[in-house]
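Some notes on the structure that comes next.
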Amino acid sequence: MGSTGSETSELRRAWVEQLTADRFGVFVGDRRIGFIDVDWPLHVALRGTDYETAVEVDRAIRFDQALRAVLAA
């Protein structure tokens, strides 16, 4: 996937917090925008502020690919 300036900027501002052994919250600034579930070997990218209503946007082998999918959704 090619990287645009705005995508790169958002990726730099993003941060991740481990919520459970296999779930991470994805944040931009102070707001949560999604989650990444680790279901080895896949990383499931979910977009949404609340896990119960988050929508799957991609599945990836690498964590950084799943992170990009959450940010791009």
Side-chain angles (χ1 to χ4, degrees):
M1 164 187 347
S3 182
T4 65
S6 62
E7 178 185 322
T8 301
S9 175
E10 184 133 320
L11 184 58
R12 287 186 183 140
R13 293 182 306 148
W15 58 280
V16 177
E17 177 182 10
Q18 188 166 8
L19 304 174
T20 66
D22 58 355
R23 180 169 300 140
F24 296 82
V26 178
F27 297 80
V28 172
D30 63 348
R31 62 188 180 96
R32 182 170 47 212
I33 62 164
F35 301 87
I36 297 174
D37 279 350
V38 179
D39 187 12
W40 191 257
L42 294 175
H43 297 82
V44 182
L46 303 146
R47 180 72 183 213
T49 59
D50 181 54
Y51 185 78
E52 298 301 319
T53 59
V55 176
E56 182 178 329
V57 293
D58 200 5
R59 292 179 181 217
I61 297 297
R62 295 184 0 214
F63 188 90
D64 65 312
Q65 291 170 324
L67 177 59
R68 287 181 193 276
V70 172
L71 294 172

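Please read these numbers as outputs of a predicted model, since none were measured by experiment.
Taking 4.5 Å as the limit, every side-chain heavy atom of Y51 sits out of range of all side-chain heavy atoms of L19. Contact annotation: the side chain of I36 never approaches that of V16 to less than 4.5 Å [non-hydrogen atoms, C-beta and beyond]. Looking only at side-chain heavy atoms (C-beta outward), E56 and V44 come within less than 4.5 Å of each other. Side chains of I61 and L42 form a contact here, defined as non-hydrogen atoms less than 4.5 Å apart.
Rounded to the nearest 0.5 Å, atoms CZ (R23) and CG (D37) are 4.5 Å apart. If you take CG on L46 and OG1 on T53, they are separated by 10.5 Å, rounding to the nearest 0.5 Å. For the atom pair D39 CG and R59 CZ, the distance stands at 7.5 Å (nearest 0.5 Å).
Scanning all heavy atoms of the two residues, the minimum distance from F35 to A54 falls at CD1-CB, 4.1 Å. The shortest non-hydrogen separation linking H43 to A66 is CB-CB, 3.7 Å.
Tracing side-chain contacts under 4.5 Å through hydrophobic residues (I, L, V, M, F, W, Y), one never reaches V38 starting from V57; they form parts of separate clusters. Hydrophobic clustering, with ILVMFWY side chains joined whenever heavy atoms are under 4.5 angstrom apart, groups I33 together with F24.
Checking side-chain atoms of W15 against main-chain N and O of V28 turns up no donor-acceptor pair under 3.5 Å. Panel note: side chain R47, backbone V70; a donor-acceptor pair is recorded below 3.5 Å.
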